[in-house]
Structure formats: structure tokens, C-alpha cells
Amino acid sequence: MNRKHLLSEQNCLKILMFSVLSSVILFLICGGDMLLDEFEHMRAAHLVGLGFHPYKDFFEHHHPLLWWIWAPIIKILPHHQIFLLYFLRTATTLLSCGSAYYIFQIAKRFFGGTKSALLALLSYFSFYFAQTTLITFKPDAYMWFFYLCGLYHFFLYIDTRQQKQLYISTTACAISFMFLQTVVFLLLPLGLFGLYHLYRHPAYFKDYALGAIPGLLLLAIFFIVIHLTSGIIPYYQRNWILNSDLFKYLQYANGTFWPKFLIFALIGYSAYGYQIKRHQATPYMHIAVLILTVNMLQNIIIPTPYPRYFLSAALAISFLTAPVILQLSAVAKNYFVAALFVFNLLNITVSVYILPNAPYLRQIKILDKKDAMVYMPVLNIYTAHYPYYWFFPALEALDDRLFGHPFDVNAYIINNINYVSIIPDTDLRPSVHDNTPMEENNQNAMTELFNKHHIDIRLLDKYFNLIDDSDSDIYQRIQNK
């Protein structure tokens, strides 16, 4: 690269900021990735607003704070699904601006100053799955906001030993847990460092004991409410047993993602090694590499095909690499910026051309009929509440097997449903793994249940007409049959 054409650090950061903001705005407007997950949570919040309780009255396997908060608001908003989608996406994005603030403040104070903070923030949000989490109406964005708040104040406590920082940190971390149980994997590195901190400084035990009190009180209230509404046993079964048994009985059709992410992890570890070699590694960098390691081990032990499960690894990598990038030559910085700029062009391509939301929005308009009974109601969240299972046949078949809510979707739709939407569900399938307790007869039983939770197209052809065949097929009941 000719040095005459090299960009300054300031111009590099401006280019990155422009590409990230463009990608974020375009996803907000037209991105379709995880759209059906958003309608799942919109539907769950709507059901809570009607007085139903998750785990007891309808199937779910996430924590309920998102639905508790939004239920009364969705109840009074206009019953217009597309308006509601963009309203909730916008609200989630505004909340996530707080997440960006905490990422910036953490990097600025503990990972190298203002330029490093801006570079870390832009590097993190150049990952497509970080952008989608920023915007989509799911508990993940809310969990991340409170987790990052807790992380920031935990770092402040380590730096200042102010007791109030621990109070804020444990309160925020407890709230993040109420949104999503998987935050336990994010809290584990903090717990490990806290134990090491106590080992080195036993006098801090009182600080940690007192600091835990607000978080524990909030968790006690949370579980009391769960007990009084949904019941502790149904909650525990869906959020913990079901999710932990997922890979014993089901497998993903498209493999695992962690080998593809390994190169980024190695970059993060290399940056950490560089800081150690130069005697610049701080306790905060040690925590960041713990976050990276725990996340990688989690995804290797419990493999998934979804990049979004690497959010904490991506954050740690951004923290670790930003101060190192700023120490490199101008040529290296320009190549780094060019690589991230290309990432964001690819992000825009995915949102606009590969996974746009237009086909789903058209189908939602087709099914947006008052009093219509629609299966699956993720394409009409206001359809009347019907049996326990409703949005993810593979998971629901597993839940049926483990906890027994018998359901035959074909019998149900023939007798009760006006419109059927066939949403592709190819991610999960029944499986047998070596050295598991699942014997052949159990496999056959699981397959039979799996079939009962999936629609038989032959029956649809007999009782329904196909009226739309874009990304998901939509059928309308044939009158007088």
C-alpha cells in the first residue's frame, strides 16, 4: 500500500463508524434474521398480558422478565403487528445504546483510552450477530445491557474498592439473569476472578458478602413470583432440564459454528500474549481472556450452529485486540479497518438481499385477520390462545417426551384452525448419540412424537388451499370440509 494513500487513525475510525451505523440502520429497517424469534417473544408477552403464565399455560424455555415488562405495554398499543415489530425494535435499539455506552466506558477506562474504546466498540459491532442482538426484540439485548452494566461496575470495584460499585454490579447481574438464564456463563468468569481476588485479599470478604445482598434479594423476589404464577417445577423443567438435555435427543442439521470462529479466538489470545510479553497485561485483560475461554469451552462442550452464541467471545476479543491494533503500523491499521469495512458490507448484503424481512412481512399482512385462528401464531400474535405447544415443533416434541403434554398438531389444525403457516424447521432433528441412555425403542418413541408435532402436508392438501408459497407456505381452510 502506498504510504501517500494511508488513512489517519481519525479517518479510519470515521469510516468504521459510518459502515457500522449504515449496517445497523439497514438491519433495523429490513433485516429478517431472527424475525420469527421476535414474534415468538411478542406473542409470549401478549399472552402474559391476557393473564396466561409461561411454562404452565404455554410452552417457553426462556426467562420471563421481558414478557412481564412488555405485556402491559403491548396490551395498550395498537393491535398492528408490523407497527409493533418496529416499535419494539426501536425501543430495543435505544436500550442497546446503553450497552454501547458501557462497552465504550469499559474499554476507555480499562483497555487503553478513548481511541482504543472507539475501536473496540466498532470492532465488536462489526460482527453481524452483535448488530442483530443490538436490535432484535429478544431477551438477549436486555440481558446484555444489564450484564455490561454489572461488568463495568465490577471493574470499578476492583479499581476503587468502593462498596457501592459491588451493590450496583450484583443488582444489574441479577436483573440480567431474570431476562436470560444463559448469563450464568458470562458470570462464571467474574466469579472465578472474584475467588482469586479473595484469595489474594482475604480482607475483601466482607465487601463481597455485603455486595451480594441486593442481587440475592432480587433473585428471591424473582423466584417467589415464578412460584406464585407459573410454578417452580414447570419453570425448572423448561429452562434448565429441557435446555440441558437438548443435545442428548436432538441434533443440528447444519453442524457447529465454533471451528469457523476459532480464527477470531486465536487473534484474541495472540493479543493477550502480546500484552503479557510487553508486561502490559492488567487484571481486566485477565478477566477478558477468562470470558473468551469460558465462552469457547461452552460452545465446544455444548455445540451450536449459531454465531450469536459467541457474543461474549467477540466482546472479549474486541477488548483485547483494540489496544494492540493502535500500537501497529499505519499500514496494518489500514488493513484492519479495510477488513472490518468489508465485514459491514457483507452485513448489509445479508440484511438487504440474503435475509430480508419483506417476505415475512407480506405473510404477516396476509394472516393479520381479526379472530382468525392461525397456526403458528408467530405470524399472527393476536390469534386466540390455544393448546400448550405453539412455535417450535422440535423443541416441543422434546418437551412432550420429557414432561408429557400430549399434542397432535394435525388433529388440532383440522378441527380448529383457519390458516396454517408452514415455517421451515430444519435445524433440529431426533438423534441418537453413542454412550447416551437413549436406546432404539426410545429413539422410535421420540421420532413418533416428533412426527405428531410436525404438520402432515398430505392432510393439509386435503383440508386446506395453498395461498402463499414464499419463504414459508400459507394455507387457508377449504370451506365446507
Side-chain angles (χ1 to χ4, degrees), residues 19-44 61-62 66 81-82 84-97 99-100 123-145 179-180 182 252-258 260-261 264 299 304-315 340 342-365 376 378-379 381 391-392 394-395 421-428 470-472:
S19 67
V20 169
L21 288 176
S22 298
S23 182
V24 165
I25 291 169
L26 284 170
F27 179 82
L28 173 63
I29 297 170
C30 55
D33 188 38
M34 295 190 289
L35 183 76
L36 295 177
D37 288 16
E38 294 179 271
F39 277 85
E40 169 204 336
H41 293 290
M42 288 161 57
R43 168 71 171 176
H61 63 124
H62 299 87
L66 181 71
Q81 295 186 95
I82 296 176
L84 184 60
L85 170 68
Y86 283 109
F87 179 88
L88 295 174
R89 277 193 171 187
T90 302
T92 303
T93 304
L94 291 174
L95 176 85
S96 294
C97 289
S99 299
S123 298
Y124 175 66
F125 283 116
S126 292
F127 286 100
Y128 184 70
F129 51 85
Q131 294 183 14
T132 58
T133 301
L134 172 82
I135 293 167
T136 52
F137 178 68
K138 293 183 60 179
D140 306 59
Y142 296 77
M143 177 272 283
W144 268 98
F145 170 78
F179 279 108
L180 202 60
T182 52
Y252 286 98
N254 53 343
T256 60
F257 187 77
W258 73 262
K260 304 169 190 174
F261 193 79
F264 298 104
N299 282 287
T304 72
Y306 301 125
R308 62 181 177 269
Y309 287 99
F310 291 84
L311 273 168
S312 57
L315 180 65
L340 294 185
V342 170
F343 277 14
N344 283 293
L345 289 180
L346 294 173
N347 296 342
I348 291 170
T349 301
V350 171
S351 296
V352 176
Y353 296 107
I354 299 176
L355 290 173
N357 61 23
Y360 291 109
L361 298 186
R362 185 178 70 252
Q363 293 159 14
I364 288 163
K365 289 179 181 177
M376 301 174 173
V378 289
L379 292 183
I381 67 166
F391 78 94
F392 201 152
L395 281 181
S421 59
I422 306 293
I423 299 170
D425 176 32
T426 57
D427 279 350
L428 290 169
S470 49
D471 282 7
S472 60

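- Within the 4.5 Å cutoff, the side chain of Leu36 has heavy atoms near those of the Tyr360 side chain.
- Looking only at distances, a side-chain donor or acceptor of Gln81 sits under 3.5 Å from a matching main-chain atom of Ile381.
- Taking Phe39 as the reference, nothing meets the ring pair (Phe, Tyr, Trp, His ring centres under 6.0 Å) condition, with sequence neighbours excluded.
- With sequence neighbours left out, Ala314 forms a side-chain contact (heavy atoms from CB on, under 4.5 Å) with Tyr124, Phe127, Phe129, Phe261.
- Residues satisfying the side-chain hydrogen bond (donor to acceptor under 3.5 Å, both in side chains) criterion with Asn357, sequence neighbours excluded, are Tyr86.
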Residue pair Leu311, Leu315: steps toward the side-chain contact (heavy atoms from CB on, under 4.5 Å) verdict:
CA-CA 6 Å; Leu311 273 168; Leu315 180 65; over 6 Å; no
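- Note that CD1 of Ile348 and SG of Cys30 are 9.5 Å apart. Values are rounded to the nearest 0.5 Å.
- The shortest side-chain heavy-atom distance between Phe310 and Phe257 falls under the 4.5 Å cut-off.
- Here the OG1-CZ distance, from Thr132 to Phe27, works out to 5.5 Å after rounding to the nearest 0.5 Å.
- Among residues two or more places apart in sequence or in another chain, the side-chain contact (heavy atoms from CB on, under 4.5 Å) test is passed with Thr92 by Ser96, Phe137, Ala141, Tyr142.
- Under the side-chain contact (heavy atoms from CB on, under 4.5 Å) criterion, Ser421 pairs with Leu367, Met376, Leu379, Ile423, Ile474, not counting sequence neighbours.
- At least one side-chain heavy atom of Ser23 sits less than 4.5 Å from a side-chain heavy atom of Asn344.
- Nearest heavy-atom pair, Leu84 versus Met42, reported as atom, atom and distance to 0.1 Å: CD2-CE, 3.6 Å.
- Nearest approach of Ser126 to Gln131, heavy atoms of both residues: CA-NE2, 4.1 Å.
- Separation of atoms CG (Leu95) and CD1 (Ile135) is listed at 12.5 Å; rounding is to 0.5 Å.
- Under the 4.5 Å side-chain criterion, counting only non-hydrogen atoms from C-beta, Phe145 is not in contact with Phe179.
- Not a single side-chain hydrogen bond (donor to acceptor under 3.5 Å, both in side chains) links Asn299 to another residue, sequence neighbours left out.
- In terms of the side-chain hydrogen bond (donor to acceptor under 3.5 Å, both in side chains) criterion, residue partners of Arg89 (sequence neighbours excluded) are, by chain and number, Glu38.
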Inset, instruction - Please assess Ile82 against Ile364 for the test side-chain contact (heavy atoms from CB on, under 4.5 Å), listing each intermediate value before the final yes or no. - result: CA-CA 8 Å; Ile82 296 176; Ile364 288 163; 4.3 Å; yes
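- Residues passing the side-chain hydrogen bond (donor to acceptor under 3.5 Å, both in side chains) test with Thr182, sequence neighbours excluded: none.
- Considering only heavy atoms from C-beta on, Ile354 comes within 4.5 Å of Thr349 through its side chain.
- Taking 4.5 Å as the limit, some side-chain heavy atom of Leu340 sits within range of a side-chain heavy atom of Ser123.
- Between Leu26 atom CG and Leu21 atom CG the span is 11.0 Å, to the nearest 0.5 Å.
- Taking the ring pair (Phe, Tyr, Trp, His ring centres under 6.0 Å) definition, one finds that Tyr309 meets it with nothing, sequence neighbours left out.
- Between Thr93 atom OG1 and Ile25 atom CD1 the span is 10.0 Å, to the nearest 0.5 Å.
- In this structure Asp140 satisfies the side-chain contact (heavy atoms from CB on, under 4.5 Å) test together with Thr133, Lys138, Leu180, sequence neighbours excluded.
- A distance of 9.0 Å separates CG of Leu28 from CG of Leu134, quoted to the nearest 0.5 Å.
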